[in-house]
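Below is one structure, written out as structure tokens, with a few remarks after it.
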Amino acid sequence: MQENLVIVESPAKAKTIEKFLGKEYTVKSSFGHIRDLSKKELGIDISNNFEPHYEIPADKKKVVGELDKLAKSAKTVWLASDEDREGEAIAWHLAQVLGLDPKTTKRIVFHEITKNAILHAVENPRSINMDLVNAQQARRVLDRLVGFELSPVLWRKVKPSLSAGRVQSVAVRLIVEREREIIAFESKDYYRVVADFEIAGANGKSGAFRAELNKRFATEQEAEAFLGKCKDARFTVLNVEQKPSKKNPPAPFTTSTLQQEAGRKLGMSVSQTMAVAQRLYEAGYITYMRTDSVNLSNQALAAAKEEITVLFGAEYSEVRNFKTKSKGAQEAHEAIRPSYMNHRTIEGGPQEKRLYELIWKRTVASQMASAQTERTVVDIAVSGAAEQFVATGEVVKFDGFLRLYSESVEDETGEGEEALLPPMKKGDEPTAQTITALQRFTQSPPRYSEASLVKRLEELGIGRPSTYAPTISTIITRGYVIKESRDGEKRGYTQLTLSKGKIARKTLTETVGKEKNKLSPTDIGMIVTDFLDAQFAAVMDYNFTASVEKEFDEIAMGEKSWPEMIRSFYDEFHSKVDEALESKPVKSSQMHELGIDPKSGKPVFVKIGRFGPVAQIGGAEGDEEKPRFASLKKGQLIATITLDEALALFDLPRKLGEFEDKEVVIGVGRFGPYARHDGKFVSLAKTDDPYTIELPRAIELIEQKRIKDKRMKEPIKIFAEEPGLQVLNGRYGPYIAFDGKNYRIPKGQEPEGLTLEACRAIIAKSKK
DNA sequence: CAGTGAGCGAGCTTCCGCTTGACTT
């Protein structure tokens, strides 16, 4: 009989802890929650104090069965789930399901996976904190009520299969509101003036530097007038100011900041980042990746200090403790950090390596000295003008953490580069080589990226580290939001240059609005947001989560009863649900007229049709002829599409001509632009434009596809001894086909290198 | 799954947070 059973949430954690605890302890994992409200029904008895009905989901039965067996035969069961609301609830559900005796069941917690922390926890067990459990039940019940009452309202009033919830609906609202700001934004132009100066140095060598005028001009005329004044002006250094400044390293990674930096520096999506981090965690390279804590264990602090001293010298080390700023943080874990500070790199795929290195650098940098810089600001007067030029320079006196890491910023403008300035003093008279007035434009706020949306949600205290990635995928799969890149448009701008006493005017072009993987709302996203906002303002409020969190905290402190808290929310909420069910359905089929089609003379409409947003020519009242339809492209909105854009949609499908006596047709389908020939589809390349592509190129694509298909069908490997066994290429990668059945090849095995014995082993193994 | 643009209307859809495999050809 096993003396002790310890139950944690994660299997990787269980493995590590088992090593620390020795032979008398078996450590198992619950794989997260083991019970939940029914999947199909509400699972809450509203008239009976919101009594929840919990079930063990089908995919948890096995784990629970195993734990039950072990618990029955153990003398002491230790519940070691995380120390937060959800962890406490997991412990309670385990105690309930496994029928554990409160007297012999011990609840233990630790924030870091170190031998000392765990031994200390084992020496200081407590019992389950029911107040904390109740706070979790309140959270769970509230989310269920909101989600399962709002969603059916949407099915009835807007469209089937839609969803709404405390987190996702607010996430969509953020994106909708940002889009509306962008639509309403009117860009204004202005002129900024930059001068390239030269100044004679002490040793006869001259130094060059750049300065910007402290005033921006509203019109070209004003800018030109100023350049005119500069023609014969004298430039005098008025003031030189030097100020030391200090830059501190950023805190170690949390889930949210890791997602942001991996997005910006490595171009990874939020879900990619989490998948790679999961692999690093399972391989033992990093600590747990779903955390809101910036805390590092003492052991980690000491290891970082040692590593920094070895790599850069003791003067680069500075031990720092960071404090969590984000709302609602529960801090059950450490920050995301390398398990071993002295492992600068790891074995693994390129993504694993890069993400690990990022985590390593960020963690180590957080324990490094501040960077010391000296900023110099020089004001330069212009004779005959009130404006002044300002040159700023920055010299790094001591690089500190910058030697290892600098945090990136989203949507950098690239303006205001800071360089080293040549020595100058008051009264010096630099000469202006060229003075340039550049037309610039004010910019609309940027669309959210996945990571910047996560950042905003975290600031609002909405969602948890484990839900950021799933929330994004939910709002995309529901069709509320799309992730899209835009090429941008060309725009001309004016440049005035004063050089050698003459002003030259030039028009240059630049690309604006180029975006990669940004989030924007769909028409349905906008309609649902407006509907919910009008009917359920309380839930859609950005502070809703924060205010219910406050109440959950009061429940956790034992100051409030959870059914009472839910009751005071629910009664008003439910009456709003009833009201909304009485309201008129949202007129999603309402048509907006864009204008007249010049070819047919008929009106052009856009509306939400059965299959989404659609443009329509004709079909006005009294028109006998059948209207023509064309679906809007991804990213086009009913609110903003122009007549020309709508008309362009009718140019597809296009017949290009014939190839091998069969028609070649270009269209745009669910998977993007395609060429259709002889009943087969070939996707166009990213560089091909469906509106301009010509027959020879389409034939090229069709022939390429044929070669590829043929290659796919050819077996990777066959064996003379066993002709029925083949290694083939399939949709999901290479696999083994044998005796009418297919077998996947385990990770880490090269399909080309498989021997017949190895294949048979794989088959035998999977048959078990 | 690569178009579709009605009128019999069944039965279905959905939340947030904790955690990982299982498994498609």
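Convention: sequence-line order gives letters A, B, ...; per-chain numbering from 1.
With B/dG5, B/dC16, B/dG17 as the choices, the nucleotide that has an atom nearest any side-chain atom of A/V614 turns out to be B/dG5. Of the candidate nucleotides B/dG17, B/dT14, B/dC18, B/dC18 has the atom lying nearest to any side-chain atom of A/E9. The side chain of A/S466 approaches B/dT19 more closely than any other nucleotide in the set B/dT14, B/dT20, B/dT19. Closest approach to the A/R139 side chain among B/dC15, B/dC16, B/dT20 is made by B/dC16 (side chain taken as heavy atoms from C-beta onward). Comparing atom distances between the A/V167 side chain and each of B/dG5, B/dC16, B/dC18 picks out B/dC16 as nearest. Side-chain proximity of A/S631 to the nucleotides B/dT14, B/dG17, B/dT4 is greatest for B/dT4. Here the nucleotide nearest the side chain of A/S151, chosen from B/dT19, B/dG17, B/dT14, is B/dT14.
Checked against the 6.0 Å centroid threshold, A/F50 and A/Y570 count as a close aromatic pair. In this structure, A/F629 has its ring center no closer than 6.0 Å to that of A/F605.
Of the possible polar contacts, one joining the A/H677 side chain to the A/F659 backbone as a donor-acceptor pair under 3.5 Å is found. Judged by distance alone, the side chain of A/D688 and the main-chain N or O of A/A685 form a donor-acceptor pair under 3.5 Å. Between the side chain of A/D292 and the backbone N or O of A/E331 there is at least one donor-acceptor pair closer than 3.5 Å.
Spacing between atom CZ of A/F681 and atom C1' of B/dA2 amounts to 4 Å, rounded to whole angstrom units. Atom CD in A/Q168 sits about 9 Å away from atom C1' in B/dC16, given to the nearest Å. A/K60 has its NZ atom 8 Å from the C1' atom of B/dT20, to the nearest Å. In this structure, OH of A/Y480 is placed 12 Å from C1' of B/dC15, rounded to the nearest angstrom. Rounded to a whole Å, the NZ atom of A/K15 is 13 Å from the C1' atom of B/dT20. Going from atom NZ of A/K39 over to atom P of B/dC18 covers 17 Å, rounded to whole Å. Between the NZ atom of A/K61 and the P atom of B/dG21 there is a distance of 21 Å, rounded to whole Å. Whole-Å rounding puts the A/E86 CD to B/dT19 C1' distance at 12 Å.
The aromatic ring of A/F148 sits over the base of B/dT14, with ring centres less than 5.5 Å apart and planes tilted by under 30°.
Note on A/I34: nothing from the nucleic acid sits closer than 4.0 angstrom, heavy atoms only. At the heavy-atom level, A/Y281 lies under 4.0 Å from the strands shown only through sugar-phosphate atoms. Note on A/G87: nothing from the nucleic acid sits closer than 4.0 angstrom, heavy atoms only. Nucleic acid contact for A/D82: sugar-phosphate only, since backbone atoms but no base atoms lie under 4.0 Å from a heavy atom of the residue. Residue contacts shown for A/P653 are absent, as no nucleic acid heavy atom lies under 4.0 Å away. Across all strands, A/R676 comes closer than 4.0 Å only to sugar-phosphate atoms, never to a base (heavy-atom distances). If you check every strand for non-hydrogen atoms under 4.0 Å, A/A164 touches sugar and phosphate atoms only. In this structure, A/R35 reaches neither bases nor backbone, as no heavy-atom distance under 4.0 Å exists between it and the strands shown. Note on A/G165: only backbone sugar-phosphate atoms sit closer than 4.0 angstrom, heavy atoms only; bases stay farther off.
Salt-bridge annotation for A/R35 and A/E55: absent, with no side-chain N of the basic residue lying under 4.0 Å from a carboxylate O of the acidic one. Ion pairing between A/E18 and A/K15 fails under the 4.0 Å rule for side-chain N and carboxylate O. Ion pair A/E88/A/R107 flagged as a salt bridge, since at least one NZ, NE, NH1 or NH2 atom sits closer than 4.0 Å to an Asp/Glu carboxylate oxygen.
Distances shorter than 4.0 Å separate none of the side-chain N or O atoms of A/S10 from OP1 or OP2 on B/dT19. Note on A/T467: every side-chain N or O is 4.0 Å or more away from OP1 and OP2 of B/dC16. An OP1 or OP2 oxygen of B/dG17 is reached within less than 4.0 angstrom by a side-chain nitrogen or oxygen of A/R166. Within the structure, every side-chain polar atom (N or O) of A/Y468 is placed at least 4.0 Å from both OP1 and OP2 of B/dG17. OP1 or OP2 of B/dG5 has not a single side-chain nitrogen or oxygen of A/Q616 nearer than 4.0 Å. The side chain of A/R85 contributes no N or O atom lying less than 4.0 Å from OP1 or OP2 of B/dC18. Distances shorter than 4.0 Å separate none of the side-chain N or O atoms of A/R144 from OP1 or OP2 on B/dC16. Contact between the side-chain N/O atoms of A/Q136 and the OP1/OP2 oxygens of B/dG17 is not found at any separation under 4.0 Å.
In terms of heavy atoms, A/S163 sits closest to A/Y480 at O-OH, 2.6 Å.
Judged by distance alone with a 3.5 Å cut-off, no donor-acceptor contact links the side chain of A/R464 to the base of B/dC16.
Each of A/L42 and A/H333 was assigned the nucleotide of DNA chain B with the nearest heavy atom; the assignment lying further toward the 5' end belongs to A/L42. The nearest heavy atom of DNA chain B to A/K159 and to A/G463 marks one nucleotide each, and the one closer to the 5' end goes with A/K159.
When the side chain to side chain contact (heavy atoms under 4.5 Å, CB included) test is applied to A/S600, the partners found at least two apart in sequence or on another chain are A/D597, A/K602, A/I617.
In DNA chain B, consecutive stretches of 3 or more Watson-Crick or G-U wobble pairs with both distances under 3.5 Å do not occur.
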